[in-house]
Structure formats: structure tokens, C-alpha cells
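The sequence lines fix the lettering, A, B, ..., with proteins before strands; numbering per chain opens at 1.
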2 protein chains.
Amino acid sequence: MQSGFPFTKFADRLASLVELSSDDVDLLAKMPATIGHFGSRDIVARKGDRPTVCCLLLQGYLCWTVDCESQQQITSLHVPGDIPDLQALSAPLLQFDLTAFGPVVVAFVPHRFFRELSEASARLSRALSLLMLTDVWCLRNWICNLATRDALARVAHLLCELTVRLQAIGQARDFRFLSPFTQTDLAAACAISAVHANRTIQELRRRKLLQWNSRTIEITDWSGLVRLAGFQPDYLGLRKPSLQEAKDFNASLAEIRI
Amino acid sequence: MQSGFPFTKFADRLASLVELSSDDVDLLAKMPATIGHFGSRDIVARKGDRPTVCCLLLQGYLCWTVDCESQQQITSLHVPGDIPDLQALSAPLLQFDLTAFGPVVVAFVPHRFFRELSEASARLSRALSLLMLTDVWCLRNWICNLATRDALARVAHLLCELTVRLQAIGQARDFRFLSPFTQTDLAAACAISAVHANRTIQELRRRKLLQWNSRTIEITDWSGLVRLAGFQPDYLGLRKPSLQEAKDFNASLAEIRI
DNA sequence: TGCGCCATCTAACAAAGGTTAAAGACGAAT
DNA sequence: ATTCGTCTTTAACCTTTGTTAGATGGCGCA
């Protein structure tokens, strides 16, 4: 299972951003990688580190976190296929902690490999740049989320983003996915208190937008959730109109139920 | 005044991050630039644009803004010497608006020039990477600021960051600087209402931490402001310990007053 | 000189969300 | 099966901040 696995995960993610040729995929297949396993809350890379490898996330979730004013704050969220520390490639001093949520598998890939990729293929170089850029877009959007939405819409928006990003890598096609996040984690991401996170989830449940039971989240009314959140996924840089696909899927679900 | 001016501004900024050799400065001096002037609230580059030049800020302030839920949100702040759209170099699709605050002078510099710089000098390449990276660090810190501090500390933190960044480029040495920002702008940056921004500023004045009159801000108690904000400037990546310098300066001021 | 515009300021009230504390619920380990 | 710890849920109360609306003040311009 392990052999070839890391690069396909990454190829899927890049393919969600740009169209890849078979030459590109051949180049990616040469990726040297060391596999690492982590448990929930393990810190994969720490503030102050100067790693010479990037973390390609294969399974689970990684978040950039920071202990600020005596509470942990989540500043971004990464799904399999992402390389959270790609932008640190040429200036590898970490200013934040990279924390695992749930059981996590990563591939450590030498910085050198990505530099060689960039030189070997203009398209791959562009793809890597886009990958970095979407992280920045996500950060600005995260700021916008915290700044302009109330707790309910904020949580809804986070779940919309998570769903679409999972769908872009072929997961959560049925709007259902496993989540290692506790309500306290959700609170740390959305900058609300844990108690209010609970109130908010219950309100989302009451509105029949989702179910969230014991580590499984299911979005039961996608277009309702999108409307509540004011979610516009263009900032994710995704090639496919996942939202439209999703709407179609949801519509078909609705038909079945009627 | 115009000739040579753009590159010195930029060299100052890079020198705040890494030590530059005279060769590096010679390379920077070859920077081709077109000067542009903008008025307050002008949009220098717009969401959806695909520019082939970067914006080197020479005078005034540029902010990345986004109209989200019918209100303008500021997601980052840039001072002279910064290149707000440097990270868009290789994937130049803009997802946000770059807005001028106050009268602004920029130098438009072709993307090509920065690619050539990176190839010509490893140190300059590293400096450019650091410049991009500090933007990302600032974004994560901005998230942390919105998420973990109340309005008073949030405003204090923003002013601390602004002061240190200005000092790093040789401005605001005496903790006094011109500001084109209205209280409404401050509110848009800190995600508070304009009314509350006013209350907050008055509280900062009442505590004798600063004066803010008709476009001029003066920090009158730097260490008090730093303490209130819980400000730790390491995320700015600055080479010089500006904070220490500042503390010394403030201490000397205090002595004079006694 | 006076007008209009915009920024600042003030006050009263309303709403959203934080805090504390304690009670259930669930799962893992013994 | 029991116990422990963590996660979820509930309730009461309180603080911060938002909202609305109007007053004040400065500045450019006719």
C-alpha cells in the first residue's frame, strides 16, 4: 500500500488545481519520501524548527496552531494532498506549530525535490505556486470569516470549506466524512467558546443542515448550509466547479427523499 | 527625486530581513520601474486581475481588502518597501483587492526582474522568500489577533505592529507618525464597529498610551502598549531587535520627563 | 461667510457570546 | 463490569460589543 502512495495523493491534489500531463505524473512518481505516523495533538513540526523536508499530508488533518494569550488558536486547516509548509521551502524557519488532529500519516519530502520539479516542468512549477497561493487565499478568507460572520455562519462556512476541499480530493462525495475534531477544536478554529460551539452545532442540527455524531459529520442540506455561510469557493482555486457538482448531488438526494 | 528612489526603498526593506552585500545592492539598482500615484481608497489592483508587474510600495499604505457580507474587511497592511503582491509572482490571479489608504506612490516592477534577481543571487533569493514568508506570518498573526484579544488589546496590537514595521524602515523613530486611517478604517481592520473603535481609542488615550489627533498618531507609552497588546514581534522576521531599541528609547523618554 | 460633507463623539438600548459550574454520555483500559 | 477521563450538554448569569440615531466639530469650497 505504501509504495507509490504518497505521490498519487499529491498528484490528485495538484490535478484539482491544474491539468497534469502524463510527463508531469512521471516526474511526481520519482518523489522520495519518508513516511511518518502521528497521534492526535502531536506536534509534527514546531515553531523555531528549520526543517529540510516538507510535510506532504497523506491521511488525517494538520493544522497550523499558535498558543496565543494562553489559548490554542487554529489558524489554518489542511487536508490530504496538501503541503502545509511548502511556502517555507526557501526560508525554512517555522513561526508556528504544525499540529496533528486525529491519527495522521505524512510523507516527509526533501525540499530539493520540489526545487527540481519546478525546474523540470513549467506546469508543475505553476501548480506548486498555486498550491502555495491558495494557502494565502485561505488565510485571508479565514480572517474574513472571523471578522464578518456571526458564530453560526462562521461554523457553517468552515464546514463548507472543509467539505469542498475533501470533495476536491475525492472524499466526502456523499457529504459525509469522519472528523477527529472535538467541539473544543471547532471553537479554537472559529474563535468562539466551547460552550457556544455546542450551542451553534445544536442550532445547525435543529435547522436540519447537518448531523454530527461521534466523529462523523454529515451535511444533510448542502445548499442550505452554503446559503447560511455565504460560501463562495472561488478562493480555493479549484479547477472543477465542485459546488455545482455538489448542488446537483444534493438536488438528486432531495428528489430521492421526496 | 524619482531616479534611484524605488530601489533604495526596497533595499532598506530587504536589509531589515537579511544582510545585503554591495553586489546585491548593485543588482537591485537595475530595477526597472514605472511610478504610479493613487488617492485614498483607490483600488491599485483588483480581484480577478492578472498583472505582469508587482507593486513595490514607496509611500503611504496599501491594504488587501475584501468586500465580505456587505462590509469592507482589511486583511493585511503594508508599509513602504513592501511588495504586497509578491507571492502572486508565478500565479498572478488576484483574489482580493489592493486598496490605497491615503496618498500612495508605488513602483510597478515586472515579474521578470524578481525572477532574475533570484537566479543572480542566492542571498537575494532568500531575502525575497523571507519577504513573502513574513506576509504569511503576519496573516496568521492577524488571525490570532482577531481571535484571541478583546477590542482594546486588538487595536493596541495593530498599532504595535505598525509602529515596529515603520521603525524597521527608518520611520516613526520618535513613536510618532502620520496616519491616513480613519476610525472606521481601524474598525475594518480590527473587526469591531466604528462606534466601538472610537470607545477603544478613547480608552487608550485615557490610559495615556497614545495620542491620536487629526491624522497623527503618537505612542506616548510604548512599553505600556506592548504589555497591553501582549505584542511579540518575532513573527515580523526582523533582523534588528527593534523592540529593544524601542524600549531603550522609551526609557530615555521617561527619564527626560521625570 | 456660509454651506455641505465627512469624521468624530455621545448616549441608550439590544444582542451576541463568554463564563462558570455541574450534570450526563461515551469510550478506553483495567 | 467498573472506573476514569474526556467530550458533550444544559442552565444561569454577566460582559462585551453592536446598533441606532443624533450632536459636535473641522475643513474645503462656492
Tell me, please, which residues at least two apart from [X] pass side chain to side chain donor-acceptor pair (under 3.5 Å).
X        : value
B:Glu203 : B:Arg206, B:Arg207
A:Thr182 : A:Asp185
B:Tyr235 : B:Glu161

**Asked** Does CZ in A:Arg199 sit with more than 12 non-hydrogen atoms of other residues, nucleotides or ligands closer than 6.0 Å?
**Response**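 For A:Arg199, atom CZ is crowded (more than 12 foreign heavy atoms under 6.0 Å).
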**Prompt:** Considering residues, nucleotides and ligands other than A:Arg46, do more than 12 of their heavy atoms fall under 6.0 Å from its CZ?
**Reply:**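 No, because the 6.0 Å sphere around CZ of A:Arg46 holds 12 heavy atoms or fewer from other groups.
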**Request:** Could you summarise the pairing of DNA chain C as dot-bracket text, marking Watson-Crick and G-U pairs under 3.5 Å with ( ) or [ ] inside the strand and | across strands?
**Result:** ||||||||||||||||||||||||||||||
On a heavy-atom basis, which atom in [X] and which in [Y] lie closest, and how many Å separate them?
X        : Y        : result
B:Ser76  : B:Leu139 : CB-CD2, 4.1 Å
B:Cys55  : B:Asp85  : N-OD1, 2.9 Å
A:Ile192 : A:Val155 : CD1-CG2, 4.2 Å

**Message:** A:Tyr61: which residues meet the ring pair (Phe, Tyr, Trp, His ring centres under 6.0 Å) condition with it, sequence neighbours left out?
**Reply:**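 Testing A:Tyr61 for ring pair (Phe, Tyr, Trp, His ring centres under 6.0 Å), a comparison that skips the adjacent residues, returns A:Phe181.
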**Message:** If the condition is disulfide (SG to SG under 2.5 Å), which residues does A:Cys144 pass it with, not counting sequence neighbours?
**Reply:**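 A:Cys144: disulfide (SG to SG under 2.5 Å) contacts with B:Cys68.
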**Message:** Can you list everything that forms a salt bridge (Lys or Arg N to Asp or Glu O under 4.0 Å) with B:Arg154? Sequence neighbours excluded, please.
**Reply:**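 So B:Arg154 forms no salt bridge (Lys or Arg N to Asp or Glu O under 4.0 Å) with any residue.
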Check the interface with nucleotides 2-8 of chain D: list each N/O to N/O pair with the protein under 3.5 Å, or write none.
from, atom 1, to, atom 2, distance (Å)
D:dT8, OP2, A:Gln183, N, 2.8

Identify every side-chain donor-acceptor pair in residues 94-102 of chain B under 3.5 Å, counting partners at least two apart or on other chains, and give the distances.
from, atom 1, to, atom 2, distance (Å)
B:Gln95, NE2, A:Asp234, O, 3.2
B:Asp97, OD1, B:Lys47, N, 2.9
B:Thr99, OG1, B:Thr65, OG1, 2.8

What is the distance, rounded to the nearest whole Å, between atom [atom1] of [X] and atom [atom2] of [N]?
X        : N      : atom1 : atom2 : answer
A:Ile201 : D:dT10 : CD1   : C1'   : 15 Å
A:Glu203 : D:dT10 : CD    : P     : 13 Å
A:Leu204 : D:dT9  : CG    : C1'   : 16 Å

**Pairwise salt bridge (Lys or Arg N to Asp or Glu O under 4.0 Å) hits with a residue in residues 56-66 of chain B, at least two apart** =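 As it turns out, there is no salt bridge (Lys or Arg N to Asp or Glu O under 4.0 Å) pair with a partner in residues 56-66 of chain B once direct neighbours are skipped.
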**Prompt:** Once each nucleotide of nucleotides 16-30 of chain C is scored for protein heavy atoms under 4.0 Å, what B/S/- sequence comes out, 5' to 3'?
**Reply:** -SBBB----------
Each nucleotide N or O in nucleotides 4-6 of chain C that has a protein N or O under 3.5 Å away: list the pair and distance.
none

